[in-house]
Each structure stands twice: as C-alpha cells, then as structure tokens.
Engineer: 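This is the structure I have questions about; it appears just below.
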Amino acid sequence: MSKPVLHIDQISKQYQLGVMGSGALKKDLQTWWNKQVLHKKEAPDPEAYDEANRDYIWALRNLDFKIHEGDSFGIVGNNGSGKSTLLKIISRISLPTSGTIHGRGRIASLLEVGTGFHPELTGRENVLLNGQILGMQKKEVLAKFDEIVDFSGIERFIDTPVKRYSSGMYVRLAFSVAAHLQTDILIIDEVLAVGDVDFQRKCLKKMKSLSSESGKTVIFVSHHMQALRNLCNKAIWLEKGRLVEEGPADTVINKYLSREKVETLSQYYPNPESAPGNEWIRIKQVSINPQFNTQISYIDTRTPLDFEFSFWFMGQYPENTQILIGFYQLTGECIFELCSEVLKVEKGLVEGKCRIPGTFLNNGYYYVSMHFLNREQDTMYEFTASVAFDVVDYRNAKRPYGKWDGAVRPDFPVELSQVSFDAP
Amino acid sequence: MANEWEWELQAEKKWFQYGLVELWRCRGLLQSFVRKELTAGYQQTIMGVFWLVIQPLLTTLFYFLVFSKIVKVSTDGAPPLLFYMSGALLWGYFSDCFTSTMYSFLHNAHIFNKVYFPRLIVPLSMVITHSVRTGIQFILFLIIYVNYWIFDDAVHPSSYIWLMPFMLFFTALLGLGLGMIVAVFMAKYRDLEQLMNFMLRLFMFVTPVVYPASIVPEKYKVLFWCNPLTPVIETFRLGFLHGGSVDSIYIFTGMASSLLVFFIGLTLFKFREIKVMDTI
C-alpha cells in the first residue's frame with residue numbers, strides 16, 4: 001500500500017450567516033473581547049447542530065479520511081454538500097474552523113480555469129503569469145512552454161492579447177497551463193467540461209495519464225459521473241458536510257447514484273385525488289412486467305419487458321396527446337426514447353403499453369421517465385423515474401468475460417467465414 | 001506515521017509567522033505581478049507611459065497656479081515649480097502605496113477565492129510598481145532640477161540629499177503598513193473605503209505638500225511634526241532646495257513610527273490573510 005499524502009483529520013468548517021449591518025461591528029467586538037481578553041472560548045461543536053440558530057451553518061462536520069500517493073480521488077455529493085468547501089480548505093484558500101490537515105508535497109489547485117488571466121496581456125504573458133500563480137517556478141513554466149502551447153493548439157494567437165480570444169481559445173490555453181503543472185497533489189473542481197468535445201477528450205486523457213503514469217495524486221470534484229468513474233480509483237460521498245461513503249470509486253459512485261432508486265417495478269394509485277400529476281394528467285398505474293420464458297424469476301438480458309401505464313386525463317377539453325417514454329441509465333444518460341401516436345383524449349382513463357424485446361438492453365440499472373405532450377408539443381406533465389429495474393448479465397458459454405460495453409446489447413448475428421486458405 | 005508529514009494546516013495560527021521563506025520562493029511571481037501592473041495599465045492608451053510624467057506635471061502646474069499665484073503661500077525661497085513638484089511627488093508616492101494596498105483583498109477576491117499563493121505578493125507588487133513609477137517621475141524632477149541648478153543657479157543640493165533613499169523607503173513602508181491594516185478591516189467593513197478616501201484628502205492638508213513646515217504656528221509644531229510624512233517631505237526639500245529646517249529627532253520618530261506601522265500591518269495581514277476571505 002502506498003503512503004498517505006493527505007490526512008484530513010477531523011475537519012469542520014463553520015460559516016457565519018446573516019447580513020452585514022450596523023450591529024455587526026458591535027458583535028465582532030464582543031466576540032473579540034470574549035476570546036482575546038476574557039479567554040472565553042466558544043467551543044464550536046459541529047455535531048450539536050441547532051436548526052433554530054440561523055447565525056451560522058456547518059459546511060463540513062468532522063470529516064476524516066486519508067488520500068494515498070498516486071490515488072485519483074473523486075468527491076461526489078449534491079450541491080451544498082460541502083465538496084467545494086473541502087477543496088478550498090485543502091488548497092489553503094480557506095481555513096478550517098477546527099481540525100488539522102496533514103500533508104506531504106507540493107499542492108496545486110485548479111478550482112477555476114484561467115484564474116488571474118489578464119485580458120490585456122498576450123497569451124504568452126498570461127501563460128507565464130498563470131503558471132506562476134498556480135505555483136510553478138518561472139523556469140518550470142518556460143521549460144514546459146512549448147508543450148503547453150502545443151497542447152492548447154493555438155500557436156498562431158500566442159502573441160495576441162487574450163481579450164481578443166474566443167471563449168473556446170481562452171479556456172483551451174488556460175486549461176493547458178493547468179494540465180502541465182509540476183506538482184505532487186493536484187486538485188480539480190468541475191473544470192473538465194471545457195472546450196469542444198475533442199478537447200474535452202484530450203483533457204480527460206491528460207488527466208488520466210497524470211495519475212496513472214507520473215504517480216501524481218489527483219483530487220476531482222465533478223457532477224459528471226461517467227468522467228469520475230473513468231478517472232478515479234477511490235472516492236468519497238459527502239452529504240450535508242458529512243462523510244457518507246468512502247471506498248473504491250465504482251462502489252461509491254453507484255451508491256451515490258442509486259440513492260434515489262425507485263425500488264418497485266410498479267406504481268399504482270387507486271384514485272385521481274391522491275395520484276401524482278396535475279390539472280391535466282393524473283397517473284393511475286405504471287409497471288414493468290417481465291415476460292419470463294425460462295425458469296428464472298429475475299430480469300436478465302434475455303427477458304422481454306412490457307411497459308404498461310394508465311392515467312386519468314383531467315383536462316376540460318379534448319386534447320391531442322402524445323406520450324414520450326425515455327429509458328435512462330443510472331448516470332442519467334438517455335439510452336433511447338419511444339414516442340406514442342398522437343391520440344385525441346377526453347376526460348377519463350387512458351392506457352397504453354409497449355414492449356422492450358429481450359436480448360436488447362445491456363445489463364445494468366435503468367429507469368423510465370414519461371413526458372405527456374399536448375398539441376403544441378408542450379409538456380403537460382413529466383413523470384420522472386416512474387419505474388426502475390435492474391437487468392442482470394446473462395452470457396452463454398460463447399461470450400467473452402468482462403464488462404460488455406455499450407448501452408444496448410442487441411443480438412445481431414455476426415457472420416464469420418474463411419474465404420481462402422493460403423498454403424504456407 | 002505522523003512524523004512523516006511535511007506540512008500542516010489548522011485553524012489556529014501563531015503570531016509572527018511571516019512565511020518569508022515561502023515568499024522568497026515566490027519572487028518570480030512577484031516579478032510577474034509587477035510586470036503585469038506596469039504594462040497592463042497602459043495598453044490601448046494613446047499616450048501610454050507618458051501619463052506617468054504628465055500626471056505630476058499637471059498637478060505641479062495646478063498647485064503652482066493656485067497656491068503660488070492666487071493664495072500666495074510661501075515656498076521658503078525655493079523655486080515654486082520644484083517646491084510643488086517635490087510635494088506632489090512624495091505625497092503621490094505615499095497615497096498611491098496606501099490606496100493600492102488597501103484594496104489588496106477587495107480587488108483580488110476572485111483570485112484569492114480560487115488559488116493559493118502568499119497573499120503578501122499583492123501588496124508588495126503594488127508598492128514595487130508604484131516605486132518604479134515614482135522613480136520615473138523622480139527622473140523628470142531631476143531633469144528640471146538640474147536645469148534650475150546649472151542654468152539659473154537658483155538651487156543647491158545639501159548633504160541632506162543622502163538621506164533621501166531612506167526617506168523614500170520609509171514612506172513606502174508607511175503606505176504599505178497602513179494599507180495592509182486597512183485592507184484587513186476593509187474586507188469586512190466596506191465603510192472604510194469611503195472613510196479612507198475622505199481621510200486621505202484631509203491628511204494631505206496636514207502634510208506640508210503645498211506649503212512649507214515653517215509657516216506652521218509654534219504651538220502646533222510638535223503635533224505637526226508627529227506626522228511621519230512631514231520629516232520626509234521637509235528633508236527632501238532641505239536636501240534639494242536648501243530651504244527650511246528639520247530637527248533630526250523628528251527624522252528618527254518618523255522612521256520609527258513608519259516601521260511600527262509597517263510591522264503592525266504585516267502581522268495583522270499575515271494573521272488574517274486566509275480567514276478574511278470568509279467575510280469578504
């Protein structure tokens with residue numbers, strides 16, 4: 001096991017809330033007097049969270065974990081879970097209220113692309129300035145200069161003031177500087193989604209090589225789960241400033257994503273008053289009915305699935321209604337979408353169904369969302385994550401092992417035949 | 001395991017941790033900041049760096065017209081142009097150092113919120129930038145001065161001229177020190193911005209910028225000379241223009257108080273440099 005390079009030791013962070021007003025100075029003086037002169041220490045206890053006290057908020061509460069050398073470490077969590085606060089504390093931008101961070105080696109953070117870029121300076125001058133702001137020595141930047149410019153792909157404009165750059169060029173140059181930082185620990189906050197798709201791919205590749213080849217420790221925060229899964233080997237999941245889960249990236253990310261899993265294969269509401277919906281649509285029932293044709297009683301990749309639904313149309317006037325049914329992966333990516341015919345519906349019960357054939361979906365977790373459109377193609381109601389189901393891997397002996405790539409796994413036959421024999 | 005760690009971060013910080021080693025390591029960054037300040041300000045201007053010399057010249061001319069021609073204030077026998085120029089130059093140096101460093105946190109919050117480097121780089125780069133600018137203005141002063149000296153024989157340098165480098169240095173220290181103190185408080189209390197700009201304007205009138213110290217009545221003299229800028233400007237004029245007089249005790253009190261203010265500012269700045277970002 002490699003050595004730890006960072007130890008987050010019981011870190012808590014408290015933020016003062018409230019508006020600045022005439023009372024603020026008096027309060028500050030009181031706090032200062034109590035602390036410095038009377039030596040009354042207000043012991044901050046992050047666990048004693050007082051909902052009624054609106055004066056402060058705990059952004060982080062007693063976080064404790066270690067990051068090891070060569071790790072690519074992901075941090076996931078909802079907005080406001082404390083991810084950015086944690087990054088700020090590790091990068092020395094903000095101080096913890098209590099606790100200690102022990103660390104080893106140089107640390108550089110990239111919480112924003114192009115921090116300190118000055119619009120009036122040329123690309124060349126900005127590369128030098130930005131590299132130094134991010135913690136490189138001048139000679140290190142100069143040594144890497146050609147590589148940086150080459151990576152950014154904007155050689156022609158390097159002596160133009162950056163205010164004349166397009167936003168794409170700006171981001172490319174800024175990211176290139178950051179990608180060539182000479183540091184032991186690199187912290188990256190949600191900055192991978194820069195530039196066009198090609199450049200993003202280039203960045204991801206670069207980031208991956210940073211930790212895998214040069215043994216640097218990289219800490220990522222992102223909402224892009226696919227990228228994190230790709231990049232990280234370890235991860236933590238934060239919720240309201242607390243550590244929820246720590247471990248291998250795949251496990252943590254799956255747990256994080258499945259936090260709002262709908263457990264059942266069907267939903268049923270006996271009367272329109274209590275059913276989900278609005279003034280136009282009320283859901284009566286949605287269900288996934290697996291058509292098992294073998295002995296097994298769970299859904300695997302061979303099982304055909306019938307998706308059935310019924311709803312009350314509540315509108316006062318008849319409406320040309322169309323229904324879109326989207327099938328989503330756990331990552332939130334849509335695999336495919338089905339559209340119904342347009343049907344003129346009146347007040348009353350409407351039902352529908354469709355079939356997903358067997359040997360079509362790949363193994364994994366899927367959920368279904370429904371859109372109800374009116375004649376203007378506007379959404380009348382959106383029923384997200386209506387049902388969800390898990391498709392288990394099935395392979396006969398012919399198939400190779402390992403993760404079967406792709407969102408779908410159709411069994412299109414691939415024919416193979418030898419055409420001629422070359423005598424040796 | 002614990003003894004293998006190279007650094008630690010925690011909430012409580014000791015006084016008198018100035019991080020000078022770290023600062024020295026970042027000297028390249030300081031250099032880049034200064035270059036940025038010096039070049040970026042004059043991009044896309046027609047007159048470019050000439051603004052540097054136009055500003056003090058216009059100020060001097062204005063003072064000359066108002067205070068010499070209209071109000072008719074004494075200049076202790078020195079040529080009015082040089083007299084007002086020396087005042088404008090030194091006052092400008094102090095107030096530029098002060099006003100630029102007091103915005104250290106406020107104007108750089110977007111950078112300070114995203115990346116760490118020793119925060120002292122910012123006020124230091126400001127002071128160095130203004131030192132370079134003042135240096136250029138000083139050359140202009142010397143050109144005019146040499147004209148008066150050689151062609152008019154109106155002025156003669158005295159031995160006080162050798163005190164000038166120290167005087168300028170302590171002026172910068174005073175501006176930097178005050179600026180750092182205000183910067184820390186201004187991050188939270190924006191009122192200080194208004195207050196300081198106002199105070200600065202008043203402060204100019206208790207400093208011998210447009211009049212000589214000799215016209216101050218005897219009973220206010222001690223108070224007047226407690227202003228650390230008074231001995232600076234008076235020594236400057238004594239050295240170059242041979243007018244007025246300076247009690248050497250005030251040179252020392254001026255230097256001592258500048259130094260004191262600087263250390264208070266430095267300590268406060270270092271102590272609060274990270275914490276202050278939560279309140280900005």
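We name chains A, B, ... by the order of the sequence lines, and we start the count at 1 in each one.
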Engineer: When rounded to the nearest 0.5 angstrom, what is the spacing between CD in B:Glu6 and CG in A:Asp184?
Structural biologist: 8.0 Å

Engineer: Let me confirm one number: the CG-CH2 distance from A:Asp9 to B:Trp5, rounded to the nearest 0.5 Å.
Structural biologist: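 Here the interatomic distance stands at 9.5 Å.
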
Engineer: Side chain, backbone, both or neither: which part of A:Ile133 has an atom under 4.5 Å from a heavy atom of chain B?
Structural biologist: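 The answer is both parts of A:Ile133.
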
Engineer: Please report the interatomic distance CG(A:Leu134) to NZ(B:Lys114), rounded to the nearest 0.5 Å.
Structural biologist: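 NZ of B:Lys114 is found 13.0 Å from CG of A:Leu134.
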
Engineer: More than 12 heavy atoms of other residues, nucleotides or ligands under 6.0 Å from CZ of B:Phe185: is that the case?
Structural biologist: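 Count not over threshold, so no.
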
Engineer: Name the region of B:Phe112, side chain, backbone, both or neither, that has any atom closer than 4.5 Å to a heavy atom of chain A.
Structural biologist: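 Only the backbone of B:Phe112 comes within 4.5 Å of chain A.
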
Engineer: To the closest 0.5 Å, what do you measure between CZ (B:Phe33) and NE2 (A:His118)?
Structural biologist: 10.5 Å

Engineer: Minimum heavy-atom separation for B:Ile274 to A:Arg92, with atom names?
Structural biologist: CD1-O, 3.3 Å

Engineer: Please list all pairs passing the side chain to side chain donor-acceptor pair (under 3.5 Å) test where one or both residues lie in residues 134-144 of chain A, with sequence neighbours left out.
Structural biologist: A:Arg106-A:Glu140

Engineer: For the CG atom on B:Leu223, are there more than 12 heavy atoms of other groups (residues, nucleotides or ligands in this structure) within a distance under 6.0 Å?
Structural biologist: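 Open.
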
Engineer: Heavy-atom cut-off 4.5 Å, strictly under: side chain, backbone, both or neither for A:Ile90 against chain B?
Structural biologist: backbone

Engineer: A:Leu6 versus chain B, heavy atoms under 4.5 Å apart: side chain, backbone, both or neither?
Structural biologist: both

Engineer: Short question: side chain of B:Glu8, backbone of A:His102 - any donor-acceptor pair under 3.5 Å?
Structural biologist: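 Side chain of B:Glu8 to backbone of A:His102, a donor-acceptor pair under 3.5 Å: no, none is there.
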
Engineer: Near B:Trp7 CH2, under 6.0 Å, is it more than 12 heavy atoms from other residues, nucleotides or ligands?
Structural biologist: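 Above 12, so yes.
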
Engineer: If you compare all heavy atoms of A:Ile93 against all heavy atoms of B:Val115, which two are closest, and at what distance to 0.1 Å?
Structural biologist: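 Heavy-atom minimum between the residues: CD1-N, 3.4 Å.
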
Engineer: Go through the atoms of B:Arg25 and report whether side chain, backbone, both or neither lie under 4.5 Å from a heavy atom of chain A.
Structural biologist: both

Engineer: Give the member of A:Gly105, A:Gly103, A:Gly135 that has the highest number of heavy-atom pairs under 4.5 Å with chain B.
Structural biologist: A:Gly103

Engineer: Grab the two heavy atoms, one from A:Ser94 and one from B:Asp278, that are nearest each other, plus how far apart they are.
Structural biologist: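 Shortest heavy-atom separation between A:Ser94 and B:Asp278 comes out as OG-OD1, 3.3 Å.
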
Engineer: When heavy-atom pairs shorter than 4.5 Å are enumerated against chain B, which of A:Glu125, A:Lys88, A:Met136 gives the highest number?
Structural biologist: A:Lys88

Engineer: To the closest 0.5 Å, what do you measure between CD (A:Gln132) and CD (B:Gln31)?
Structural biologist: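 Rounded to the nearest 0.5 Å, the CD-CD separation comes out at 7.5 Å.
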
Engineer: For A:Val5, is it the side chain, the backbone, both, or neither that has a heavy atom closer than 4.5 Å to a heavy atom of chain B?
Structural biologist: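 Just the backbone, heavy atoms under 4.5 Å.
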
